[in-house]
Amino acid sequence: VLAVFPQHEDAVAALERLIDEDTLRGRVIELLEPIYTEQQAWEPLIAILRLKVEDLGEPAERVAIHHQIADLYSDRLEIVEESFRYLGHALVEQPDREDTRQKMTDLAELTDGWDSLILTLEEVREQQDESAHRRQTNLWLGELYETRSEDYDSSIQRYQDVLESDELNH
């Protein structure tokens with residue numbers, strides 16, 4: 001039925017009822033994803049993408065889904081904070097991904113969402129261990145506090161965090 005009538009409500013509803021069946025979830029998501037996209041049903045699409053990311057094992061695959069969710073929030077639903085949140089998840093998964101950092105910067109520039117970016121990076125920072133990744137996040141935060149929010153005390157604190165991490169690692 002779905003192949004001929006992808007918007008057949010009863011068939012879609014039957015699939016939605018099967019989403020909680022672990023053995024069927026991947027296939028159900030595979031079937032619902034193009035239907036929701038065609039219907040421009042962005043919130044249900046995001047809901048199944050959240051389930052999909054839970055089932056993926058590879059960080060690169062999870063990052064791709066986090067990017068997809070972030071794009072849906074920013075481009076389709078215009079909920080910038082949620083977009084930043086999912087880009088933050090991607091940054092935690094793979095901190096060295098320059099494309100994630102660039103998407104975050106582009107979104108902040110486009111929406112003047114520097115405060116949202118800073119808030120997201122503070123949340124990311126809390127999830128990172130004392131490592132080069134946290135050092136990198138502290139540097140970025142220091143720069144953003146200084147240049148975008150003119151919060152010099154917070155900027156100084158993040159730069160001090162960088163110096164402390166350098167002292168611990170040398």
Side-chain angles (χ1 to χ4, degrees), residues 19-20 22 25-26 29-30 32-33 36-37 42-170:
I19 198 83
D20 292 327
D22 290 340
R25 182 184 308 197
I29 290 171
E30 187 179 303
L32 286 174
E33 198 171 340
Y36 288 158
T37 301
W42 308 125
E43 290 174 357
L45 178 58
I46 288 169
I48 64 170
L49 291 174
R50 286 181 183 148
L51 293 173
K52 185 176 182 177
V53 82
E54 290 175 12
D55 294 340
L56 295 172
E58 290 297 314
E61 293 174 339
R62 288 193 303 270
V63 166
I65 300 299
H66 288 312
H67 279 212
Q68 187 178 356
I69 293 170
D71 290 344
L72 287 167
Y73 272 121
S74 63
D75 299 344
R76 302 297 182 183
L77 297 175
E78 298 181 3
I79 305 174
V80 175
E81 292 78 15
E82 286 297 306
S83 184
F84 276 119
R85 189 162 75 94
Y86 279 90
L87 290 171
H89 292 323
L91 195 59
V92 168
E93 288 275 349
Q94 289 191 315
D96 293 330
R97 292 274 303 252
E98 185 57 38
D99 60 332
T100 301
R101 291 178 176 278
Q102 190 60 54
K103 276 177 149 317
M104 293 176 97
T105 301
D106 292 347
L107 184 59
E109 285 178 359
L110 183 67
T111 63
D112 196 29
W114 299 107
D115 290 340
S116 294
L117 175 57
I118 288 170
L119 180 64
T120 299
L121 289 176
E122 285 291 356
E123 292 170 2
V124 166
R125 179 184 171 279
E126 291 302 316
Q127 295 177 51
Q128 294 173 319
D129 59 5
E130 295 295 330
S131 67
H133 301 301
R134 188 167 188 167
R135 181 185 188 282
Q136 188 176 25
T137 302
N138 281 328
L139 279 172
W140 194 8
L141 278 165
E143 178 187 344
L144 289 170
Y145 278 126
E146 180 181 353
T147 61
R148 297 298 178 169
S149 68
E150 297 181 1
D151 179 352
Y152 300 113
D153 290 337
S154 294
S155 179
I156 289 167
Q157 181 58 54
R158 290 298 157 251
Y159 287 136
Q160 285 176 335
D161 292 343
V162 170
L163 291 174
E164 288 173 17
S165 71
D166 288 349
E167 288 173 7
L168 291 173
N169 293 320
H170 289 99

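Quick note: numbers below take in every heavy atom, side chains included, and nothing from hydrogens, waters or symmetry partners.
Within the model, atoms CD1 of I118 and CG of L141 stand 7.0 Å from one another, a figure rounded to the nearest 0.5 Å. Rounded to the nearest 0.5 Å, atoms CG (L72) and CD (Q68) are 6.0 Å apart. Atom CD1 in I65 sits 12.0 Å away from atom CD in E54 (nearest 0.5 Å). Distance check: I46 CD1 to I79 CD1 gives 7.0 Å after rounding to the nearest 0.5 Å. Residue I156 holds its CD1 atom at 11.5 Å from CG of L163, rounded to the nearest 0.5 Å. Atom CG of L144 and atom CH2 of W114 lie 6.5 Å apart (nearest 0.5 Å).
Of the possible donor and acceptor atoms, none in the side chain of S155 sits under 3.5 Å from a partner among the backbone N and O of D151.
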> What do the steps show when you test E146 against Y159 for side-chain contact (heavy atoms from CB on, under 4.5 Å), and what is the final call?
Replying inline: CA-CA 10 Å; E146 180 181 353; Y159 287 136; 3.4 Å; yes
> Step by step, would you call V53 with H89 a side-chain contact (heavy atoms from CB on, under 4.5 Å)?
Replying inline: CA-CA 11 Å; V53 82; H89 292 323; over 6 Å; no
> Yes or no on side-chain contact (heavy atoms from CB on, under 4.5 Å) for N138 and S165, after CA distance, side-chain angles and deciding distance?
Replying inline: CA-CA 10 Å; N138 281 328; S165 71; 5.7 Å; no
> Would H133 and D96 satisfy side-chain contact (heavy atoms from CB on, under 4.5 Å), going step by step from the backbone distance to the final call?
Replying inline: CA-CA 8 Å; H133 301 301; D96 293 330; 3.1 Å; yes
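Between L87 and L117 the shortest side-chain heavy-atom distance does not fall below 4.5 Å. Looking at W140 and R125, their side chains never come closer than 4.5 Å, going by heavy atoms from C-beta outward. In this structure, the side chains of D22 and R25 come closer than 4.5 Å at one or more pairs of heavy atoms. Between L139 and E143 the shortest side-chain heavy-atom distance does not fall below 4.5 Å. A heavy-atom distance below 4.5 Å is found between the side chains of M104 and L121.
Between L45 and E33, the shortest heavy-atom contact is CD1-CG, 3.6 Å. Here the shortest heavy-atom pairing between S83 and A70 reads OG-O, 2.8 Å. Nearest approach of P95 to Q128, heavy atoms of both residues: CB-NE2, 4.3 Å. Residues E43 and L77 share a closest heavy-atom pair of CG-CD1, 3.9 Å. Heavy atoms only, all atoms of each residue included: R62 and G57 are closest at NH1-O, 2.8 Å. Closest approach of V63 to A90, counting heavy atoms only: CG2-O, 3.7 Å.
Here D161 pairs with R158 in a salt bridge; the nearest charged N to carboxylate O distance falls below 4.0 Å.
Pairs of residues two or more places apart, or lying in two chains, that qualify as salt bridge (Lys or Arg N to Asp or Glu O under 4.0 Å) and include a residue from residues 103-117 are D71-K103.
Ring geometry for Y86 versus H66: interplanar angle of 30 to 60°, hence tilted.
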